[in-house]
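Data first, discussion second: the structure below is written as structure tokens.
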Amino acid sequence: YSQMHGRILNPPLQFVVPSPPTPDSELDDLWPWPERLWGLKLGQRLKDVRVKGAYLKGPDSNIRKAQLDNLGFVWTPKRGRRRRS
């Protein structure tokens, strides 16, 4: 998501990692999302990071926070609804 959006990791809350439009197509190799992430509720997962501190607990929390920072994670997103393009 970060690579596709100018190094900014701030998906909408409802964003779910998509699977290719047609299963077992030649697009699978070109699809930007790994199969293990298809269907992941990324927007909700990142909200949990912001609100609950999910993923940021334990001995590696500083490393994980640095990884998110390097991906352009937006820690305090703008409030309100986004306009659809």
Side-chain angles (χ1 to χ4, degrees):
Y1 190 94
S2 173
Q3 290 175 346
M4 295 174 183
H5 293 88
R7 303 293 295 166
I8 296 173
L9 184 55
N10 189 25
L13 179 60
Q14 279 71 32
F15 182 81
V16 176
V17 175
S19 57
T22 55
D24 299 322
S25 71
E26 293 180 13
L27 289 177
D28 285 359
D29 292 335
L30 302 174
W31 195 246
W33 303 98
E35 185 174 358
R36 70 182 189 283
L37 296 180
W38 298 349
L40 175 72
K41 295 177 180 179
L42 183 62
Q44 180 62 51
R45 181 74 57 99
L46 294 179
K47 177 186 174 202
D48 290 344
V49 170
R50 290 183 188 105
V51 174
K52 301 176 184 177
Y55 185 71
L56 298 175
K57 298 176 181 167
D60 294 335
S61 62
N62 289 337
I63 294 169
R64 292 176 180 164
K65 184 178 183 310
Q67 289 171 335
L68 289 170
D69 286 339
N70 288 335
L71 289 170
F73 185 69
V74 178
W75 293 98
T76 53
K78 293 180 182 177
R79 297 177 65 87
R81 294 180 181 252
R82 293 183 182 192
R83 291 185 181 173
R84 293 188 181 209
S85 332

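The residues of the chain are indexed from 1 along the displayed sequence.
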What's the spacing between [X] [atom1] and [Y] [atom2] if we round to 0.5 Å?
| X | Y | atom1 | atom2 | answer |
| --- | --- | --- | --- | --- |
| Arg7 | Asn70 | CZ | CG | 7.5 Å |
| Leu37 | Leu42 | CG | CG | 8.5 Å |
| Leu56 | Asp48 | CG | CG | 11.0 Å |
| Asn10 | Leu71 | CG | CG | 13.0 Å |

Other residues, nucleotides, ligands: >12 heavy atoms within 6.0 Å of Arg36 CZ: no
field: Residue Glu35 excluded, over 12 heavy atoms near CD under 6.0 Å
entry: no
[X] versus [Y], closest heavy-atom pair with distance:
| X | Y | result |
| --- | --- | --- |
| Leu40 | Arg45 | CD1-NH2, 3.4 Å |
| Lys57 | Arg64 | O-NH1, 3.4 Å |
| Pro11 | Gly43 | CG-CA, 4.1 Å |
| Ser19 | Trp31 | O-CZ2, 3.3 Å |

Quick one: are [X] and [Y] in side-chain contact, heavy atoms under 4.5 Å?
| X | Y | value |
| --- | --- | --- |
| Phe73 | Ser2 | no |
| Val49 | Trp75 | yes |
| Val16 | Pro18 | no |

Co-membership, hydrophobic cluster, residues Trp38 and Met4, 4.5 Å side-chain: yes
query: How are the rings of Phe15 and Tyr1 set to each other: parallel, tilted or perpendicular (split at 30° and 60°)?
result: perpendicular
- request: Say whether, by atom type as modelled, one donor and one acceptor occur between the side chain of Arg50 and the main chain of Val74 under 3.5 angstrom.
  value: yes
